[in-house]
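Okay, structure first, notes after.
Hydrogens, waters and symmetry mates are skipped; everything else that's a heavy atom, side chains included, is used. For this chain, numbers begin at 1 and follow the sequence in order. The shown structure was predicted, so the numbers you read here are calculated from the model rather than taken from an experiment.
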Amino acid sequence: MLIRYIIVLQCLGLVLLFAQWEPDRRLTYDGSVSQTSANSGWCVAAQDSVVHVVWFDYRDGGDKIYYRRSMDNGVSWGPEIKLIDTAAYYPGAPIVSLAISPPQTVHIVWCDYIRNGDDEIFYKRSTDGGTTWFSDKRLTTDDHMVEADSWPSAAASGQNIHVVWHDYKWDGSRFNWDIFYTRSTDGGATWEPEQRLTSYPRMTGPPSVAAVDSLVHIVWYDLGSGSADIYYKRSTNNGMTWSPETNLDNNPASSYMPSIAASGMNVHVVWYDNRDGNYEVYYKRSTDCGVSWSADIRLTNDPAESNRASITASGQNLHVVWFDQRDGNYEIYYKGSMDNGTTWSPDTALTLDPSASFYASVTNAGNVVHVVWTDERDGNREVYYKRNPTGNTGTREYGGEKNKTSVTIIAKPNPFIFFTTVLGHENETFTVYDVAGKKSGVYKGDCIGLDLPAGVYFCISHTANAVPFSVVKVK
């Protein structure tokens with residue numbers, strides 16, 4: 001009987017933690033279309049108490065990109081800033097992706113059509129938290145009308161910025177849709193030549209990217225098996241080389257629009273597919289940096305269509321949003337996990353109005369979960385925002401760069417040459433694993449990695465909450 005009571009209390013706590021959603025906030029006010037991105041990147045990002053949002057806007061005729069930020073965790077919002085002016089640019093399909101890296105450097109990428117006469121990937125950054133912005137940078141170099149770079153996604157880890165997209169290119173005998181990648185190792189100041197990550201005589205779909213230290217994870221959908229499947233690649237050396245691709249959901253149904261998130265050794269993917277006769281949201285995870293993967297977990301279960309999920313990860317906490325037609329029109333729904341994807345909260349409807357709500361994007365910082373989406377309740381498409389101020393309570397981050405909430409784990413120096421020390425945990429014992437998930441040794445917190453070769457390693461405390469953090473030995 002006691003065990004039953006404990007289970008009930010745990011479930012009640014999970015529901016209460018994820019239930020504290022505040023009322024919707026309208027972020028745009030104009031008579032034309034304002035729209036969040038339709039891709040698997042993110043149009044909202046947060047660090048500490050600063051929240052950044054980007055969207056496409058059609059006011060005054062023509063596409064442009066607007067930006068808005070909050071300095072107090074979404075309580076109040078500053079004025080709109082027009083980042084791309086319609087007089088010079090035509091970004092084409094509403095695809096823009098946002099990432100941030102410390103200290104408050106904001107990165108956006110998008111597909112731009114007008115200035116070069118074909119679809120190209122462009123980049124813009126701010127190094128002062130969105131107050132001022134650098135000039136646009138062109139990241140792709142196609143000069144042919146029939147070649148199209150589109151659907152970009154961006155991720156940042158320190159000074160390393162990673163951008164992926166898919167591109168319709170001529171390979172000498174045919175045109176193929178393939179996944180391409182480029183990176184900056186100096187915070188977006190300069191960029192390396194693009195890398196082609198796939199080479200298929202078939203179609204690939206939009207990619208999504210996540211990065212943790214030197215680990216970079218990419219997912220996309222691909223028609224290689226005859227139906228659309230979710231594929232995965234990773235790099236363990238900051239994008240220099242890449243693993244072979246892995247088919248994550250090899251089934252005869254069609255799977256689309258994956259979104260990926262990573263925290264320490266854990267990698268999480270969501271997508272939607274129709275294996276059950278209608279489109280449902282599915283989830284899959286890896287706890288060893290993408291080496292092996294769990295079975296698929298179905299997150300939604302209703303007779304209507306659920307699609308275009310977005311995911312964010314923070315320690316053991318996961319947050320997923322999508323739009324769902326179970327209410328007779330599209331509404332934004334949410335689901336959360338406090339135990340690294342093992343169990344999930346019930347579905348929570350974040351919107352409930354007679355018009356459509358869609359293209360949701362989610363992020364978190366500290367205790368707060370932030371969601372933005374496109375909404376038609378005002379007679380035209382506007383950008384809306386919602387937050388849960390306690391939705392990420394109890395998380396423990398893996399390293400020293402992100403905002404800490406309950407327990408701070410910082411290893412210094414990191415990267416290191418000889419060994420590193422976990423500040424405040426010098427007398428604890430840590431098990432260290434390499435990027436393949438193989439145990440590399442057990443160390444006290446004052447000399448982690450003393451006899452290890454160069455590489456990326458993940459450490460788990462024997463005495464504290466076992467959430468991994470990463471360290472890098474460079475020589």
Could you pull out the closest heavy-atom pair between [X] and [Y], with the gap in Å?
{"X": "H370", "Y": "V51", "result": "CE1-CG2, 3.3 Å"}
{"X": "Y283", "Y": "N340", "result": "OH-O, 3.5 Å"}
{"X": "A365", "Y": "A46", "result": "CB-CB, 3.7 Å"}
{"X": "L98", "Y": "A45", "result": "CD2-N, 3.5 Å"}

Qualifying residues under ring pair (Phe, Tyr, Trp, His ring centres under 6.0 Å), relative to [X], sequence neighbours excluded:
{"X": "Y279", "value": "Y272"}
{"X": "Y330", "value": "F323"}
{"X": "F358", "value": "none"}

side-chain hydrogen bond (donor to acceptor under 3.5 Å, both in side chains) filter on N278, not counting sequence neighbours, yields E280
task = Would you check if Y232 and I260 make a side-chain contact, meaning some heavy-atom pair closer than 4.5 Å?
result = yes
With sequence neighbours left out, write down each residue that passes side-chain contact (heavy atoms from CB on, under 4.5 Å) with [X], or none if nothing qualifies.
{"X": "R25", "value": "W77, Y385"}
{"X": "A261", "value": "I311, A313"}
{"X": "V456", "value": "S214, V435, F458, V472"}

All pairs passing salt bridge (Lys or Arg N to Asp or Glu O under 4.0 Å) where [range] contributes a residue, at least two apart:
{"range": "residues 337-351", "result": "R326-D347, K335-D347"}
{"range": "residues 257-267", "result": "none"}
{"range": "residues 432-442", "result": "none"}

- Are any side-chain N or O atoms of T420 and backbone N or O atoms of P413, one a donor and one an acceptor, separated by less than 3.5 Å? yes
Does any donor atom in the side chain of [X] or [Y] lie under 3.5 Å from an acceptor atom in the other side chain?
{"X": "S357", "Y": "R377", "value": "no"}
{"X": "T390", "Y": "N367", "value": "no"}
{"X": "N364", "Y": "T312", "value": "yes"}

Hits for salt bridge (charged side-chain N to carboxylate O under 4.0 Å, His left out) against R387, two or more places apart or cross-chain, chain-then-number order -> E22
What pairs of donor and acceptor atoms, side-chain ones from residues 447-455 against any protein atom, are under 3.5 angstrom apart with sequence neighbours left out?
from: D451; atom 1: OD1; to: Y443; atom 2: OH; distance (Å): 2.5

Only residue of H162, K233, M240, R183 satisfying side chain to side chain contact (heavy atoms under 4.5 Å, CB included) with V216 is H162
task: Report the C-alpha distance between D276 and R298 in whole Å, list the side-chain angles of each, state the deciding distance to 0.1 Å, and finish with yes or no for salt bridge (charged side-chain N to carboxylate O under 4.0 Å, His left out).
output: CA-CA 10 Å; D276 302 297; R298 181 174 172 178; 3.3 Å; yes
